Amino acid sequence: MNDPTQRISELRSEAEAAIAEAPDTAALEELRVRYLGRKAELPNLLRGVAELPPEQRGIVGRTANEARKGLEALVGDRVAALEAAELDARLAADRVDVTLPGAPPQPVGRHHLLSSTRREIEDVFLGLGFSVMEGPEVDLVHYNFDALNHAETHPARNRSDTFYVADEAVLRTHTSPMQVRAMELYPPPLYIIVPGRVYRRDSDATHTPQFHQVEGLAVDEDVTLADLKGTLLAFARAVFGDERDVRLRPHFFPFTEPSVEVDVSCFNCTGGFMRDGSRCPLCKGEGWIEILGAGEVDPNVFEYVREHGYDPDRIQGFAFGMGIERIAFLKHGVPDLRMFFENDLRFLEQFG
Amino acid sequence: MRVPLEWLSEYADAGLPARELGERLTMTGTKLEAVHGPTISDEHFVVGKVLDAQRHPDADKLSVCQVDLGGRGTTEIVCGAPNVAAGQLVAVVEPGGVMPDGTKIKRAKLRGVVSNGMILSERELGLGDDHGGILVLDGDFAPGAALGDVLPLATEVLELEITPNRPDCLGVYGVAREVHATTGAELKPPPWADDPGSTGAVEGVEVRVEVPDLCPRFTARVFEEVRIGPSPPWLKARLTAAGMRPISNVVDITNYVMLLTGQPLHAFDLDRVAGQRLVVRGAREGETIDTLDGQTRTLEAGEIVIDDADGPTSLAGVMGGARSEVSDDTTRVLLEVASWHAPAIHRTSTRLGLRSEASGRFEKGLSTEQTMEAQAVATRLMVEVCGARLVPGTIDVDVGGAARAGGDDHKRLRPARVDRLLGMAVPRERERAILESLGFGVEDAGDDLAVRVPHFRRADVTREADLVEEVARIEGLDRLPATLPSRNGVAGRLTFEQRARRRAEDVLVGRGLHEVVGWSFTEPGVADRLRLPDDDPRRLFVPVENPMSEDHRVLRTTLLGSLLEIARHNLARGRSDLALFESGAIYLDAPPSADLATGATAVALRGRHDGLPTEVHALGGLLTGRVAPESWRGAGDARWDFFAAKSALGAVLDALRVEWDVRPPGHPFLHPGRAARVFSGDTELGWLGEVHPLVARAWELDGTVAAFELDLGLVIANAPQEIPFTAFATFPPVLRDLAVVRPADVAAAQIVAVAAERADAVEVFDVYGDSLAMHLAFRAPDRTLTDEEVDERMAAIVATLRERLEVEQRA
């Protein structure tokens with residue numbers, strides 16, 4: 001009888017060679033059955049160990065066991081390698097035209113430019129510590145003019161300028177009536193902005209009878225004109241870019257004293273002139289663009305809310321009002337304000 | 001206000017180019033709007049002396065002139081004017097010069113004779129309408145002198161925006177004060193410093209003021225031997241540059257003095273003042289006056305008229321009367337300079353649509369002292385320009401004088417207050433210097449400054465804050481540091497409602513809807529086109545009393561009209577797939593309880609509110625055409641209809657966690673079978689449905705148009721603000737399907753509700769004819785349910801459906 005260990009070693013070599021050359025998982029399975037299956041020679045050898053002479057049992061059993069385990073591991077590794085290769089091949093064959101449109105289509109909606117601009121402004125002032133308040137669009141003459149220190153002769157009161165719905169009620173001409181309304185509701189310190197729709201009797205490419213403003217009001221014991229400048233500088237840089245500067249020009253409004261108009265340095269040119277030396281069409285060569293009116297709240301306005309905690313000797317603050325259309329117009333170059341309310345999809349799809 | 005630089009410089013000469021001066025003024029509150037170039041600018045315009053004028057050999061109406069141009073030699077010019085004659089000093093433009101209208105002058109041959117330039121008429125120089133002949137210069141000028149040195153034509157003109165609180169700057173001298181304060185240029189004494197007139201009664205003329213409240217001061221002087229005629233060229237040039245048309249010397253003087261002092265004047269032909277007596281009185285309701293523009297004006301009580309012995313002869317402060325107007329025959333002039341109650345002038349000029357240079361100044365409030373300043377300047381010009389003789393004395397009915405004497409023009413300025421309001425320190429001495437440069441009197445008062453306000457700033461500067469503004473604007477706001485408020489612990493945030501509103505809008509945008517912004521205005525006929533019954537609250541329009549157009553004469557009561565308009569606009573431009581929404585206000589002429597949801601009737605509500613209309617923040621959508629572009633996968637062509645719209649609306653309500661359901665019927669503007677109201681419990685939130693085809697047709701829309709509108713405030717009021725954690729089951733659900741057959745009058749929601757009593761989730765996945773199929777999920781928090789347990793629950797659902805709704809399980 002041959003040396004069983006010799007046979008085991010032959011079987012092992014033969015099987016190892018066959019496994020290494022197996023072309024696919026099916027062939028491997030066949031090899032597994034042939035060398036390791038129930039009827040295969042190697043397991044039979046193992047099972048026959050007990051019949052061997054005692055001095056051979058140990059060595060043959062050990063050798064056969066090692067061979068079996070080695071072959072099992074080899075098959076396992078080889079199966080994993082072949083499966084991976086076969087998956088790669090399958091995936092490589094499963095190719096789509098990735099340039100086809102997504103499906104099903106997901107239509108994209110847009111916020112109106114006025115809404116996205118309003119939110120942008122709101123978010124800047126929320127970050128600066130202001131809360132957002134809203135008020136009625138139809139308001140009393142008292143809040144729209146009287147309590148804002150408008151002289152009896154102020155031209156804005158004229159029916160040629162302002163929409164009236166009753167002798168004492170108008171479509172508000174600015175968001176400023178909320179100054180007094182807010183102070184009636186809340187004691188100082190008060191930091192609010194008031195976005196909303198306003199109305200004036202005016203209609204051309206740069207005026208529409210309805211438009212939108214954002215009012216600002218900051219009242220405390222120590223809110224200065226310098227604070228107004230800093231606040232609006234932060235606003236201008238957030239909305240128009242970090243390189244912007246602002247300047248305050250003295251002006252007149254009935255409900256602020258001192259009053260200023262605020263310009264932002266032009267973001268379309270350098271000092272009023274384009275690179276080719278021509279005059280900037282946006283700022284008309286001035287290098288500055290007017291963006292809003294502002295000032296320190298007039299003591300006469302505080303007199304209307306003195307009993308609500310606004311003693312003008314103790315309390316001071318600033319107010320400002322800007323046009324949302326104007327900000328959007330400046331940022332995006334919309335040529336005609338009437339487009340905001342025409343709602344042509346070709347316009348709506350461009351923004352928001 | 002147009003201010004000729006040459007005129008301004010007579011009183012304050014900053015020595016700056018026009019634009020630079022304008023920019024300096026801009027930064028102290030007098031904004032430069034524009035710089036208008038000089039009428040004539042270059043060296044081609046000179047004074048010439050006509051040495052000889054001969055008839056042109058080939059033209060009767062032309063003269064060939066030899067003109068001495070001084071150092072420039074003698075030149076030959078052909079002239080067509082009838083009045084040209086040897087010995088005259090004339091205005092000449094040489095070839096190369098550019099005329100005010102832009103024409104460039106060239107050497108030209110006229111009927112064979114070369115003309116080296118032109119001799120100019122007044123009209124050609126922009127000085128007036130006179131084109132009957134050449135302008136003959138009156139004075140001792142050297143031939144060859146620059147014309148701009150002889151006539152104030154070469155000046156640039158500053159166009160300045162004067163804010164309404166500064167009527168003192170509606171006069172050249174007032175602007176000169178600003179130039180002085182802003183640039184430090186020396187301020188020359190005012191033109192009224194020397195008054196050639198005298199005080200005392202004026203013989204034969206009487207003035208009585210019956211309404212001293214409306215006329216605090218009335219002054220008058222009388223001039224005789226007045227020679228009416230054209231004004232001298234320098235006067236015409238200044239008026240023209242300032243934007244006024246020269247008329248005749250007396251009228252021109254009143255305008256000139258107004259432009260210089262800011263105080264309007266009015267000249268009466270004294271011989272046409274009946275009785276030589278003027279009475280200032282309040283108008284009677286309905287009486288009439290013929291104003292000098294040839295119109296008959298009907299007056300209202302409380303307006304101010306000036307009577308002579310024959311009745312009204314002037315509409316005070318607004319326009320003179322035709323009867324007493326100065327004419328070419330006038331020889332005696334009564335010059336009125338008065339102060340008027342600003343609101344009264346404003347009311348009259350606004351009511352009559354007569355807004356003039358004079359009324360525009362009066363209505364801003366002038367000081368009573370300005371009257372005599374204007375008299376002084378005008379008197380000198382009447383004598384110098386019109387050759388008039390001043391009748392001694394001045395009529396001066398000065399009621400305001402007592403008020404002036406009694407009033408206190410002294411204000412206190414606390415330097416600490418300046419720093420506190422501005423947020424920057426201004427040295428006390430600097431404050432004093434600024435105020436003095438503006439004409440204020442300043443004295444020390446302990447730590448403070450006692451400031452006397454000059455009369456021409458009395459109406460504007462009444463409080464300490466006004467003085468702070470004066471200091472700030474001249475000191476320069478560019479010096480202000482840019483600081484942020486200390487805020488004292490205040491934090492900025494959006495309210496729940498504002499955040500929820502953003503979320504609602506974002507949900508629709510995320511589903512492909514475009515936001516629109518419609519007009520608040522509409523016209524009441526929209527209610528008929530929407531087939532609204534007479535008692536529908538949406539007929540409670542807020543009327544606009546003075547609309548800009550007929551189709552904007554009320555405020556909208558629903559967003560649907562706006563959305564239909566916008567849909568029509570886009571469909572007309574070939575866009576048939578529309579998914580639009582608006583988030584905005586609607587307005588009801590009713591008290592707040594009468595919002596869209598209550599169903600209250602118009603008749604019951606109208607006129608019940610004594611305050612403002614109700615404003616509702618609504619969220620409306622309009623959906624038509626394809627839900628999405630067609631897919632290459634061919635997954636069907638979904639189009640907007642009732643259910644697609646319900647899905648979009650439901651996304652909003654579900655995002656806000658509002659409990660909601662829908663219940664028919666809808667509204668008259670909706671398809672009767674495909675519409676419903678939206679409820680949260682008993683609260684009606686709005687409506688949803690397909691638009692009635694007749695309504696759609698009224699807006700030229702075809703096909704299915706779905707729409708919805710919600711009271712967004714009410715929706716958010718029904719949304720939970722606090723969301724507590726709910727424990728969720730970790731054991732897997734048991735899934736079953738249930739198919740049922742239902743009678744026609746049983747709604748799907750009723751069946752789902754029964755199933756939901758025992759199942760943890762119900763999903764309708766098929767509806768066909770009268771059958772309806774659902775996926776049901778059952779779960780317990782602490783274990784997986786056994787089949788037996790689920791069978792029991794299924795049986796209970798089937799039994800309940802049968803008993804309550806006569807709904808049978810499908811075999």
Side-chain angles (χ1 to χ4, degrees), chain A residues 100-101 103-105 107-112 114-115 125-126 128-132 136-139 152-153 158-159 163-165 169 189 191 197 201 203 209-210 218 220 222-227 229-231 233 247-252 257-258 260 296 299 316 340-345 348, chain B residues 26-29 163-165 342-343 346 350 363 421-424 463 465-466 468-469 472-473 477-478 480-488 490-494 498 508-509 511-517 519-520 542-546 548 566 570 575 585 612-613 615 628-629 631-633 635:
Chain A
L100 281 170
V108 174
R110 302 278 178 198
H111 288 284
H112 194 283
L114 290 175
S115 287
F125 283 104
L126 285 166
L128 289 168
F130 289 69
S131 287
V132 179
E137 295 174 22
V138 185
D139 210 341
E152 199 185 321
T153 57
N158 291 350
R159 281 178 179 252
F163 293 106
Y164 280 78
V165 303
Y191 292 82
R197 185 172 291 188
R201 291 187 87 255
S203 186
Q210 72 179 25
D220 209 333
D222 54 0
V223 177
T224 65
L225 199 64
D227 291 338
K229 187 175 186 178
T231 300
L233 180 64
R247 74 172 186 186
L248 273 49
R249 270 186 293 105
H251 197 69
F252 171 78
E257 188 80 20
V260 296
E296 289 282 293
Q316 63 183 48
F340 285 110
F341 306 115
E342 199 174 61
N343 295 293
D344 192 300
L345 274 174
L348 301 176
Chain B
T26 293
M27 292 313 292
T28 54
T163 54
N165 58 323
H346 171 75
T350 304
E363 69 188 25
L421 202 59
L422 299 182
M424 77 173 171
R463 302 153 312 171
D466 303 317
V468 174
E469 175 171 71
R473 70 184 182 90
L477 297 177
D478 50 350
L480 274 181
T483 55
L484 288 175
S486 58
R487 301 220 305 246
N488 294 326
V490 174
R493 64 181 194 98
L494 292 176
Q498 289 160 350
L508 293 176
V509 167
R511 273 158 185 75
L513 276 69
H514 278 91
E515 187 191 7
V516 299
V517 175
W519 289 99
S520 299
V542 176
V544 178
E545 293 185 350
N546 51 338
M548 288 191 79
I566 293 163
N570 283 292
R575 303 294 296 259
L612 295 168
E615 294 179 26
S631 169
W632 55 272
R633 275 184 172 170

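The shown structure was predicted, so the numbers you read here are calculated from the model rather than taken from an experiment. So you know, we letter chains A, B, ... as the sequences are listed, proteins then strands, and number each from 1.
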Using heavy-atom distances under 4.5 Å, tell me whether [X] contacts chain A through its side chain, its backbone, both, or neither.
X: B:R575; result: side chain
X: B:V542; result: side chain
X: B:E363; result: backbone
X: B:R473; result: both
X: B:T26; result: both

Exercise. If you count heavy-atom pairs under 4.5 Å between each of B:L477, B:N488, B:T28 and chain A, which one has the most?
Worked result: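 Maximum pair count with chain A is reached by B:L477.
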Seminar exercise, completed: If you tally heavy-atom pairs under 4.5 Å between each of B:S520, B:A465, B:A491, B:P629 and chain A, the highest tally belongs to B:S520
For this session: Show your working on side chain to side chain donor-acceptor pair (under 3.5 Å) between B:S486 and A:D222 and close with a plain yes or no.
Result: CA-CA 8 Å; B:S486 58; A:D222 54 0; 3.2 Å; yes
Seminar exercise, completed: In short, A:L233 meets B:A482 closest at the heavy-atom pair CD2-CB, 3.9 Å
Exercise. Do B:M27 and A:R247 have side-chain heavy atoms sitting under 4.5 Å apart?
Worked result: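 SC-SC contact between B:M27 and A:R247 confirmed.
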Exercise. Would the number of heavy atoms belonging to other residues, nucleotides or ligands and lying under 6.0 Å from CD of B:E545 be above 12?
Worked result: yes
For this session: Using non-hydrogen atoms and a 4.5 Å limit, figure out which bit of A:D344 sits close to chain B: side chain, backbone, both or neither.
Result: both
